[in-house]
Amino acid sequence: MPTTDLALNIEIDRREASPIYLQICERFKAAIAAGHLKPGDRVPALRGLATQLNTARGTVEMAYNVLVDEGYLQMRGAAGTFVSASLPGAVTPSAARKSRERADAPRVKRAQADTDIGNDAKPLRPGLPALDAFPRKVWSRLVAYRARGGDPATLSYPDPSGYRPLRERIATYLGLSRGVECVPEQVFVTNGYRATLELILRGFAKPGDRAWFEEPGYLLARNFLVDAGMRLVPMPVDHEGLDVDTARALDDDARFAFVTPSHQSPLGVTLSLARRMKLLDWASRAGSWIVEDDYDSEFRYVGRPLPALKSLDRDDRVIYCGTFSKVLFPGLRLSYVVAPERAVARFGQITKSMNAGSPYLYQAAVADFIAQGHFARHLKRMRALYAERRMLLMNAILKAFGDKVSIELPTGGMHLVAIFHAGRDGPIDDMAMAARAREAGLAVLALSAWYLNGRAKHVLRGIVVGFANVADATEAARLAGMLRRAYDG
Ligand SMILES: Cc1ncc(COP(=O)(O)O)c(C=O)c1O
């Protein structure tokens, strides 16, 4: 069995923004694609390559693990590590240059094609609140009241940072319900989470910055950040949320960590207290920013929610993000971000230059909705309704799929994840299944689409479905039947 002298040809550039283990992965993939390494070739031992590259053995081990996971290498115990006999995708010498040139772009295109469920309210759409249960009458009364009133501000340019009384309401609400201590000046109203991200990037990011990103993680944010030029380093998530130790080992000096601590998107786990402390400690030491996406923590069905990560932030490293899309409705396009104290002036300047603000009328109506107690009442009602609807959908899917799926009853949020068990011929192609479900009129997303690296072996296959709009057991059974037909092909 030939042992390659590849170690002699690998070069690592410590000035490159990419972490060393990723550089090693890239060099191996390029060598395989170029035909310098062939199926069955033995690759250098960990220690040898580490010495050669003057790096830690753990760094090389990490790179090898990724390459094994992605199907490029195989570990055969004491015999060593080898280039796989069956390489992933179309890795051929002739494809070498092309694949390297296209390495990033197709990944994003693939993700966007596989994640496009349009904008309308099709059944099972993840993250869409119960449209049938929104108190439309109260809402129209409040909007009409503001529209009829004589306040000239209704017709003038809004404050780009947000309508002051709404900022005040949000600051109070966050203090009481999420443990986030902030003043209204820190709260900036935006037109959605991606607008929030844009503000954050303009405030803090430099070209080529790297960021920890949960794997799997919120795909719309991922696509946005990749398009914006951020270098995302996928970080594993387990039953305690983001694995901070592994993330630190993989890339200790990333500038950002994008996390969903209350209810991991999409898996639904909660970041444990121990991990929260580790994450904050890392950010303080590294001088990095944690972007906390607290998108649906209001809906919790078991026990009391942990306060926001921001509530533990003693060093002003957490940028807290919230939205009215789940607690009210997404057509509002109203979200918010709590700026770190040291960045309030900067955020103020950026909002002035970046956008012309959000419509005054809706901001004022939301402020009234909160002030008059409708918000608290609506949340209470939705908690009870969603707890019931999640059971309806989960039971219906389990009945339709039998032992082909497993579902953990969600402890919060508005979606559930059904994980497909591998079939006799290997893992189920969840992308194809979800595409068939979409053709049948359902807004379903494949779980593997939420991974930056959806090809890796550890990727879970399944579907992510929203339960908030499932009206009753009959509807749940009908939708589960449609899902089963899409699964059967
Ligand atoms: C993980 C996650 N973050 C944030 C949001 C909120 O996005 P927006 O405020 O743009 O509606 C969503 C909505 O689906 C989400 O799923």
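Any value given below was found using the heavy atoms of this structure, including those in side chains, with hydrogens, waters and symmetry copies removed. Indexing begins at 1, ligand by ligand and atom by atom, following the structure's order.
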Which donor-acceptor pairs under 3.5 Å do the side chains of residues 117-132 make with protein atoms, sequence neighbours left out?
from   : atom 1 : to     : atom 2 : distance (Å)
Arg125 : NH1    : Ile117 : O      : 3.4
Arg125 : NH1    : Gly118 : O      : 3.0
Arg125 : NH1    : Asp120 : O      : 3.1
Arg125 : NH2    : Gly118 : O      : 3.0
Asp132 : OD1    : Arg389 : NH1    : 3.3
Asp132 : OD2    : Arg389 : NH2    : 2.9

*Can you name the residues that come within less than 4.0 Å of ligand 1, going by heavy atoms only?*
Gly192, Tyr193, Tyr218, Ser265, Asp293, Tyr295, Thr323, Ser325, Lys326, Arg333, Ser335
_Glu214 versus Gln264, side-chain donor and acceptor atoms under 3.5 Å_ = yes
*asked:* Here's one to test your reading of the geometry: is the NZ or CZ of Arg484 within 45 degrees of the ring axis of Phe401 and under 6.0 Å from its centre?
replied: yes
Enumerate donor-acceptor pairs with a distance under 3.5 Å from any side-chain N or O in residues 406-416 to protein atoms, sequence neighbours excluded.
from   : atom 1 : to     : atom 2 : distance (Å)
Ser406 : OG     : His421 : NE2    : 3.3
His415 : NE2    : Pro266 : O      : 2.8

*Is Asp281 paired with Arg285 through a side-chain N to carboxylate O contact shorter than 4.0 Å?*
yes
*Excluding sequence neighbours, so at least two apart, what forms ring-ring contact (aromatic ring centres under 6.0 Å, His included) with Phe347?*
Phe188, Phe204
